[in-house]
Amino acid sequence: MAARAPDAGPTSPRAVNVGHSQLLDAPLQREALAPGGEAASLLEARRKFSSALESSVLDYLHFGPQQLEDCVRTLHTLFDNIVQHPGDAKFRRIKASNKAYLRHVVGVNHTEGLMLQAGWRSKARRRPGAARPARAASPAVGPWRRADAGATVAAAMQVVDLEKSWVWEHEPSSHEFRVLVEVTEVLAKAQATLHAKAERKRKEEEERKSKHAAERERIRLALEDDRRQRLLTAELTAARPHAAPAPDAGAAADAPDG
């Protein structure tokens with residue numbers, strides 16, 4: 001009889017369960033490539049990321065499933081571009097002013113924390129084409145040069161036009177890259193779940209609108225039927241001949257006999 005494989009004990013990394021089983025069920029994506037002992041670290045990074053995603057970002061109280069799906073889909077695209085093209089520098093930087101990033105990610109709470117956990121870092125640099133700050137000259141000696149010195153200092157204190165970007169600067173062979181692979185898979189699973197919820201919400205909304213429209217149509221038809229009945233009653237009443245008034249009984253008694 002073949003020996004039965006031992007069950008995973010409570011100390012096994014695969015036995016970790018923190019209430020996010022849907023995002024933790026999948027095996028580690030790069031476990032075969034991870035150095036010895038790193039699997040537990042990768043699973044812990046995956047757990048922390050999925051916990052932050054579900055507890056902080058997926059806020060169904062303030063955001064609809066469609067909005068959350070758009071957010072997760074945009075993050076997954078940013079992360080997966082690096083995973084699929086690790087040597088392409090254009091996928092390793094995204095401006096904070098990027099339209100898709102502003103529209104789908106910035107408006108949802110705590111998304112910057114996910115970016116940081118995935119290895120992204122925020123940096124600011126001088127916007128291309130922006131004027132460099134003027135160099136301050138040594139202040140002149142003597143009261144007759146104070147006005148010129150003040151103008152020079154004011155020019156040196158001008159605001160520098162900076163732009164904020166998110167950058168990912170790790171090597172494909174690094175631990176950070178393997179963490180990125182894991183959290184990208186978490187986002188893929190979350191996106192599938194959100195898509196199902198968004199579709200269910202959309203169908204519920206369509207059914208609600210359909211029932212509302214059907215009820216409005218029923219009320220309209222009932223009002224139309226009531227109006228036709230009233231018109232028909234009025235027409236029948238108008239067409240009926242008026243009966244002659246009954247003679248006065250007292251006048252008939254006082255009339256003389258012929």
key: N/O donor-acceptor pair under 3.5 Å between T233 side chain and Q229 backbone   = yes
ask   = So do the side chains of L187 and F49 get within less than 4.5 Å of each other, counting heavy atoms only?
value = yes
ask   = Between CD of E69 and OG1 of T193, what distance do you get to the nearest 0.5 Å?
value = 10.5 Å
query = Once you round to the nearest 0.5 Å, how far does NZ of K211 lie from CD of E215?
reply = 11.5 Å
query = With no hydrogens and no angle check, is any side-chain donor or acceptor of W168 less than 3.5 Å from a backbone partner on A118?
reply = yes
ask   = Do any N or O atoms from the side chain of T74 and from the backbone of D70 form a donor-acceptor pair under 3.5 angstrom?
value = yes
note = For K197 and Y60 the tightest heavy-atom approach is NZ-OH, 3.1 Å
message = For L116, is there any backbone N or O sitting under 3.5 Å from a side-chain donor or acceptor partner on R121?
response = yes
note = Value for CZ (R46) from CG (L53), rounded to nearest 0.5 Å, stands at 11.5 Å
request  = Measure from the side-chain N and O atoms of S50 to the backbone N and O of R47, and report whether any donor-acceptor pair falls under 3.5 Å.
outcome  = yes
query = Below 4.5 Å, heavy atoms only, C-beta onward: do V105 and N98 meet side chain to side chain?
reply = no
task = Go through the steps for T184 and H76 under the test side-chain contact (heavy atoms from CB on, under 4.5 Å), then give the verdict.
result = CA-CA 6 Å; T184 301; H76 178 265; 3.7 Å; yes
Closest non-hydrogen atom pair between L42 and H175, with its separation = CD2-CE1, 3.6 Å
ask   = Taking atom CZ of R230 as the centre, does the number of heavy atoms from other residues, nucleotides or ligands within less than 6.0 Å exceed 12?
value = no
ask   = Applying side-chain hydrogen bond (donor to acceptor under 3.5 Å, both in side chains), which residue pairs with at least one partner in residues 77-92 are found, sequence neighbours left out?
value = D80-Q84
query = Donor-acceptor pair, H170 side chain versus G119 backbone, under 3.5 Å?
reply = yes
message = So which atom in C71 and which in H104 form the shortest heavy-atom distance, rounded to 0.1 Å?
response = CB-O, 3.1 Å
ask   = Would E182 and K48 count as a salt bridge (Lys or Arg N to Asp or Glu O under 4.0 Å) if you check the C-alpha gap in whole Å, the side-chain angles of each, and the deciding distance to 0.1 Å?
value = CA-CA 11 Å; E182 294 303 320; K48 288 182 177 180; over 6 Å; no
task = Let me see the working for V57 and L75 under side-chain contact (heavy atoms from CB on, under 4.5 Å), right down to the final yes or no.
result = CA-CA 12 Å; V57 178; L75 289 174; 5.7 Å; no
request  = May I ask whether V167 and L78 are part of the same hydrophobic cluster, defined by side-chain heavy atoms of I, L, V, M, F, W, Y residues being less than 4.5 angstrom apart, directly or through others?
outcome  = no
request  = Output, in order, the C-alpha distance, side-chain angles, deciding distance and verdict of side-chain contact (heavy atoms from CB on, under 4.5 Å) for D59 and L68.
outcome  = CA-CA 8 Å; D59 182 3; L68 294 176; 5.5 Å; no
key: Pairwise side-chain contact, E169 with W120, heavy-atom cut-off 4.5 Å (strictly under)   = no
request  = Give every residue pair that meets the salt bridge (charged side-chain N to carboxylate O under 4.0 Å, His left out) criterion with at least one member in residues 98-114, sequence neighbours excluded.
outcome  = E112-K164
ask   = What's the spacing between I82 CD1 and I94 CD1 if we round to 0.5 Å?
value = 10.0 Å
inquiry  = Determine whether a donor-acceptor pair (N or O, by modelled atom type, separation under 3.5 Å) exists between the side chain of S165 and the backbone of R93.
reply    = no
key: Verdict with reasoning, R227 to E224, per side-chain contact (heavy atoms from CB on, under 4.5 Å)   = CA-CA 5 Å; R227 186 178 68 84; E224 286 289 331; 3.3 Å; yes
remark   = Closest non-hydrogen atoms of P86 and F177, given as atom of the first, atom of the second and distance, are CB-CE1, 3.9 Å
query = Quick one: side-chain hydrogen bond (donor to acceptor under 3.5 Å, both in side chains) partners of N109, sequence neighbours excluded?
reply = none
